Amino acid sequence: QVQLVESGGGLVQAGGSLGLSCAASERTFSSYAIGWFRQAPGKEREFVAAISWSGVNTDYANSVQGRFTMLRDHAKNTVYLEMNSLKPEDTAVYYCAAGRLPNSNPFAYDYWGQGTQVTVSS
């Protein structure tokens, strides 16, 4: 099955930038839509962004529009999340997921990575 691995998390000051990567174990990764979700301690999992398998269609949560950007590289079986103008409320564990179609509902996705911690200090 498809296996996903997130990387790029870390500590950054408010207003700074950070880039996350989601790498797939197999070439079939390119046939899936990819979503990014995040979960802060004591809170429910929250939709962040999604991109279609072709990379043509993208969707962003209102809380990150204008600040986060999704990109994908089919040759590398990798999807990127560029995060700019970070805020303390962006602090969470970030997960990437693969599904048939881009969707804000986490239950629409079939495969999940283990997550990477992003901490934004004020």
Side-chain angles (χ1 to χ4, degrees):
Q1 296 183 355
V2 174
Q3 296 184 13
L4 307 174
V5 179
E6 303 94 337
S7 62
L11 175 64
V12 64
Q13 291 185 324
S17 300
L18 198 64
L20 304 182
S21 298
C22 175
S25 60
E26 298 183 11
R27 181 172 58 86
T28 53
F29 170 80
S30 297
S31 298
Y32 289 86
I34 302 298
W36 282 98
F37 294 81
R38 64 189 183 186
Q39 187 166 20
K43 296 185 178 181
E44 295 183 350
R45 185 165 44 185
E46 177 187 22
F47 171 74
V48 176
I51 191 168
S52 64
W53 68 268
S54 67
V56 174
N57 299 317
T58 55
D59 188 28
Y60 299 92
N62 290 334
S63 60
V64 306
Q65 283 186 339
R67 300 189 299 120
F68 292 10
T69 302
M70 283 194 70
L71 301 169
R72 71 184 305 163
D73 187 335
H74 285 269
K76 295 182 178 180
N77 291 338
T78 301
V79 169
Y80 305 95
L81 180 66
E82 298 180 353
M83 305 184 295
N84 301 307
S85 300
L86 285 163
K87 305 174 181 179
E89 49 263 45
D90 293 319
T91 296
V93 176
Y94 283 70
Y95 301 89
C96 69
R100 297 182 183 88
L101 295 171
N103 203 301
S104 61
N105 186 347
F107 293 99
Y109 293 87
D110 301 309
Y111 308 101
W112 292 81
Q114 295 299 309
T116 185
Q117 177 70 48
V118 173
T119 302
V120 184
S121 62
S122 59

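These numbers come from a predicted model, not from an experiment. Note that these values count all heavy atoms, side chains included, but never hydrogens, waters or copies made by symmetry.
Taken from CG in Asn57 to CE in Met70, the straight-line distance is 12.0 Å, to the nearest 0.5 Å. Once rounded to the nearest 0.5 Å, the distance linking OG1 of Thr78 with CG of Asp73 reads 6.5 Å. Atoms CG and OG1, from Leu81 and Thr116 in turn, are 11.0 Å apart once rounded to the nearest 0.5 Å.
Every side-chain contact (heavy atoms from CB on, under 4.5 Å) that Asp90 has, sequence neighbours left out, goes to Arg38, Arg67, Phe68, Leu86, Lys87, Tyr94, Val120. Ser121 meets the side-chain contact (heavy atoms from CB on, under 4.5 Å) test with Leu11, Gln13; sequence neighbours excluded. For Thr69, the side-chain contact (heavy atoms from CB on, under 4.5 Å) partners two or more places apart in sequence, or in a different chain, are Tyr60, Leu71, Glu82. In this structure Gln39 satisfies the side chain to side chain donor-acceptor pair (under 3.5 Å) test with no other residue, sequence neighbours excluded.
The closest donor-acceptor contact from the side chain of Glu6 to the backbone of Gln114 lies under 3.5 Å.
Within a 6.0 Å sphere centred on CD of Glu89, heavy atoms belonging to other residues, nucleotides or ligands number more than 12.
When hydrophobic residues (I, L, V, M, F, W, Y) are linked wherever their side-chain heavy atoms come within less than 4.5 Å, the members clustered with Tyr109 are Phe37, Phe47, Val93, Tyr95, Trp112.
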Give every donor-acceptor pair under 3.5 Å between a side-chain atom in residues 96-106 and any protein atom, sequence neighbours left out.
{"from": "Asn103", "atom 1": "OD1", "to": "Asn105", "atom 2": "N", "distance (Å)": "2.8"}
{"from": "Asn105", "atom 1": "OD1", "to": "Phe107", "atom 2": "N", "distance (Å)": "3.0"}

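Counting all heavy atoms, side chain and backbone alike, Ser52 lies closest to Arg72 at O-NH1, 2.8 Å. Minimum heavy-atom separation, Ser17 to Ser85: OG-N, 4.4 Å. Heavy atoms only, all atoms of each residue included: Gly9 and Leu20 are closest at N-CD2, 3.6 Å.
Residues Tyr32 and Tyr80 fall into different hydrophobic clusters, defined by Ile, Leu, Val, Met, Phe, Trp and Tyr side chains chained together at heavy-atom separations under 4.5 Å.
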Between Val5 and Gln3, is a side chain to side chain contact (heavy atoms under 4.5 Å, CB included) present by the stated rule, with each step listed?
CA-CA 7 Å; Val5 179; Gln3 296 184 13; 5.8 Å; no
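Side-chain contact between Val118 and Met83 is present, with at least one heavy-atom pair separated by less than 4.5 Å.
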